[in-house]
Amino acid sequence: MKKRFASLLAGTMIVFAACGPSASPSASTPAASAPPAASPGGSEAAPSASAATTPDLFGTKYKDTRQPGTTGGQVIFADWQEATEFNFYYQGQVTEANLSAATQGGLVTVTNDFKYAPDQATEIPTLDSGGVKVPGDGGDAMTVTWKLRPDLKWSDGSPLTCDDYKFTQDWIMDKDNTGLFAGRSGYEDVTKFDCTDPQTIVLHFGKIYEGYIAMYPVPLPKAYMSKFTTKEDVQHKGMGAADMPKVPVSGPFKFESVTSGQEIRLVRNDNYTNPWDGKPANLDTLIFKWYGDADAMIAGYKGGEFDIANDLNDADLPKVVDQGDQVKQLDSLTYEFLRPNWNPDVCSPKITDRGKGCPVSDPAIREAIRWAVNKDEINTRLLGGAAALGFTNVSPNAWFYSDPPTYTFDPEKAKSILDAAGWVAGADGVRAKNGLKAKIELCTTTRQVRQDTLALVSSYLKAVGIDSTVNAVSPNDIFATFNEATDQTPCALSKYHYDVAEHAFSVPLDPLSNYPTYHSSQVEPNGGNDGFIKDPDVDRIMDGVKGTVDFAKIKELMAEWQKIYVDKTIEIPLYFRKEVYLVSPKVTNFTGNPTSQGPTWNTYDWSVTP
């Protein structure tokens with residue numbers, strides 16, 4: 001699945017399983033005394049602009065629940081999707097985010113209890129602490145000051161300083177830098193980046209930017225990357241599989257070897273110190289092992305081939321019930337959905353007999369699909385009835401959630417929508433409009449539950465006059481980045497080579513994570529808007545969220561977003577998933593993480609019993 005990998009890390013983007021003018025408040029608005037611009041998780045009450053009722057964003061209990069670990073040993077962590085992109089800012093898959101969480105640090109992390117915590121920073125700047133100023137200094141709309149922990153180092157022993165973060169800012173904004181998964185939202189609003197000393201970052205913003213906490217999720221090593229031009233970076237020069245053992249990293253583990261199609265072997269980075277007690281990782285070795293299929297991975301776990309199985313979900317629970325308490329379940333922020341391609345000019349090249357055009361670019365086709373799909377049957381037949389049905393992309397665990405409009409399976413309504421829009425059924429039962437037949441490609445990964453889901457979806461669509469072909473392809477194809485995909489890559493989301501795709505998004509805690517995925521300015525190669533969504537109401541809402549730190553206003557805008565998301569059929573959510581892991585009893589301090597930070601967020605604390 002391509003979860004919108006937005007590891008916190010990609011805090012301002014959604015990750016695959018996973019940012020017009022801003023409406024910036026003036027200094028006299030409540031935003032001037034608002035809480036910090038971040039988003040909590042959990043089911044806390046809706047925040048207001050009053051600091052007295054601000055949700056607790058930073059009060060993690062993780063530090064108190066860590067168990068003492070033993071030093072040494074090895075853990076093998078398995079996934080059924082392979083990580084093939086090593087530059088964090090080009091990554092789009094959750095499996096790649098998991099790899100980055102184990103090998104890279106950043107200013108901030110997201111804990112397993114839905115809180116923000118400092119990582120390379122000494123603290124998270126807020127209005128209350130004085131680290132955030134609205135209005136800012138010297139004419140800034142906002143000024144943000146970050147303090148780095150002293151003595152931070154890259155894995156090669158060289159100092160990690162403000163200069164590396166400034167290099168990262170300049171690199172992101174380089175005009176030759178295409179295919180950035182999260183785009184340049186926020187970074188483009190930085191008018192000046194000051195390093196007042198090696199440990200002090202001062203950001204000057206021309207506009208108020210809600211998502212400042214999630215910026216710079218990973219610093220890039222200036223000394224190493226300066227050897228290459230940005231155009232070479234786009235082509236992966238210096239950061240391919242063979243290069244990674246010599247690339248400096250800032251996380252608990254560094255690369256020892258990459259064996260494509262099989263494994264990535266990591267070893268402890270002795271120059272890393274974790275933010276809780278300043279110690280390096282416990283394990284000597286952490287191996288990422290790849291299986292091409294979830295069922296094969298489950299069989300491998302039962303056969304003792306590895307220690308942790310990742311990226312399982314509700315549909316897998318009957319297959320692992322015999323593993324007892326080795327099965328770990330967490331409610332997640334990940335939702336499975338149907339993604340319609342709004343692009344009127346570029347869609348599936350596989351369907352060659354429908355005429356000229358892209359049927360799904362018609363809003364009537366998208367809405368008809370929404371009414372035609374029987375989510376309850378999918379849940380009952382394929383997931384044992386255990387899934388929580390979804391209607392928007394906002395999890396009920398998010399602080400900005402509000403009850404969205406709901407709808408039920410209604411194929412007659414779907415037919416009436418198509419009739420009214422001029423899609424007329426032919427002798428073969430397939431509808432057509434102005435010479436264009438309603439024939440579409442349904443793309444997904446090779447995951448069996450997805451293929452089974454789309455088989456049902458195809459039958460639902462046939463009943464209302466939409467003919468469809470299911471195409472299950474490698475995750476490396478459907479989730480190929482803009483820089484990787486070619487005109488021949490089947491079902492490539494980044495190239496709009498699809499009509500409707502089924503996959504999953506893992507959504508960060510920040511509401512601004514929606515910006516690079518839905519704002520019209522973020523279509524490829526400028527961001528992650530792989531649905532080619534261009535809608536003035538969506539842009540207005542996303543610009544509004546981006547340009548305020550007033551929590552009451554953000555909640556109001558996100559309530560409107562959830563209504564528009566349904567009414568305009570931005571996507572068709574099927575269900576919110578459970579995160580399911582298999583974990584060997586010998587592994588300690590594995591907590592999982594229901595946020596998009598992912599289960600490898602605390603690999604420095606993992607250990608194995610002797």
Side-chain angles (χ1 to χ4, degrees), residues 1-7 10 12-19 81-97 100 172 176-185 230-231 233-236 239-240 337-350 358 360-361 440-446 450 471-507 513-534 570-571 596:
M1 75 180 175
K2 195 171 187 179
K3 289 186 190 176
R4 215 172 352 183
F5 134 79
S7 182
T12 52
M13 68 178 171
I14 301 174
V15 203
F16 296 99
C19 295
Q81 291 186 107
E82 182 179 0
T84 58
E85 174 61 69
F86 303 106
N87 186 320
F88 175 88
Y89 291 94
Y90 298 141
Q91 291 175 343
Q93 296 194 71
V94 163
T95 187
E96 293 164 347
S100 285
I172 289 171
D176 292 327
N177 205 348
T178 59
L180 292 164
F181 188 73
R184 295 184 172 90
S185 179
T230 306
K231 287 184 178 180
D233 295 333
V234 169
Q235 298 302 317
H236 301 90
M239 208 168 281
F337 69 112
L338 300 178
R339 185 179 214 177
N341 179 3
W342 289 38
N343 196 321
D345 302 312
V346 184
C347 49
S348 170
K350 185 179 179 67
C358 299
V360 182
S361 67
I440 64 174
E441 180 184 27
L442 304 175
C443 287
T444 193
T445 67
T446 52
R450 289 212 172 105
N471 190 11
V473 302
S474 164
N476 292 335
D477 288 329
I478 192 171
F479 303 135
T481 67
F482 183 84
N483 296 329
E484 295 169 337
T486 70
D487 290 341
Q488 284 72 48
T489 306
C491 290
L493 300 176
S494 62
K495 296 289 188 179
Y496 306 105
H497 292 174
Y498 72 101
D499 295 313
V500 174
E502 182 193 351
H503 62 91
F505 266 162
S506 181
V507 186
S513 66
N514 293 283
Y515 187 98
T517 307
Y518 303 107
H519 195 281
S520 65
S521 68
Q522 301 297 297
V523 298
E524 297 279 5
N526 297 317
N529 185 351
D530 292 350
F532 205 83
I533 295 155
K534 293 189 174 184
I570 305 297
E571 296 165 345
S596 54

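A quick note: this is a predicted structure, and the numbers were derived from the prediction, not measured.
With sequence neighbours excluded, the residues satisfying side chain to side chain contact (heavy atoms under 4.5 Å, CB included) with Thr489 are Asp477, Ala480, Ala485, Thr486, Ala492. Taking the ring pair (Phe, Tyr, Trp, His ring centres under 6.0 Å) definition, one finds that Tyr90 meets it with Trp171, sequence neighbours left out. Partners of Ser348 under the side-chain hydrogen bond (donor to acceptor under 3.5 Å, both in side chains) rule, at least two apart in sequence or in another chain, are Glu441. Shown here are the side chain to side chain contact (heavy atoms under 4.5 Å, CB included) partners of Pro525, two or more places apart in sequence or in another chain: Thr178, Phe482. Legend: residues meeting side chain to side chain contact (heavy atoms under 4.5 Å, CB included) with Asn529, ordered by chain and number and at least two apart, are Gln522, Val523, Ile533.
Partner of Phe532 under the side-chain contact (heavy atoms from CB on, under 4.5 Å) criterion, out of Cys358, Pro344, Ser520: Pro344 alone.
Side-chain contact between Asp233 and Asn177 is absent, with no heavy atoms from C-beta onward closer than 4.5 Å. Residues His503 and Thr445 fail the side-chain proximity criterion, which asks for heavy atoms closer than 4.5 Å. Annotation: side chain of Asn476 is in contact with side chain of Gln93 (closest heavy-atom distance under 4.5 Å). When side chains are defined from C-beta on, Phe479 does not count as touching Glu85, because their heavy atoms never get closer than 4.5 Å. Within the 4.5 Å cutoff, the side chain of His497 has no heavy atoms near those of the Lys350 side chain.
Sequence neighbours left out, the pairs with a member in residues 479-507 that pass salt bridge (Lys or Arg N to Asp or Glu O under 4.0 Å) are Arg354-Asp499.
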Practice task
Could you go through the side-chain contact (heavy atoms from CB on, under 4.5 Å) check for Val234 and Asp176 one step at a time?
Solution key: CA-CA 8 Å; Val234 169; Asp176 292 327; over 6 Å; no
Handout entry: Working for side-chain contact (heavy atoms from CB on, under 4.5 Å), residues Thr95 and Glu82
Key = CA-CA 7 Å; Thr95 187; Glu82 182 179 0; over 6 Å; no
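Here the straight-line distance linking atom OG1 of Thr517 with atom CZ of Arg339 works out to 7.0 Å at 0.5 Å rounding. With values rounded to the nearest 0.5 angstrom, Ile440 atom CD1 is found 10.5 Å from Cys347 atom SG.
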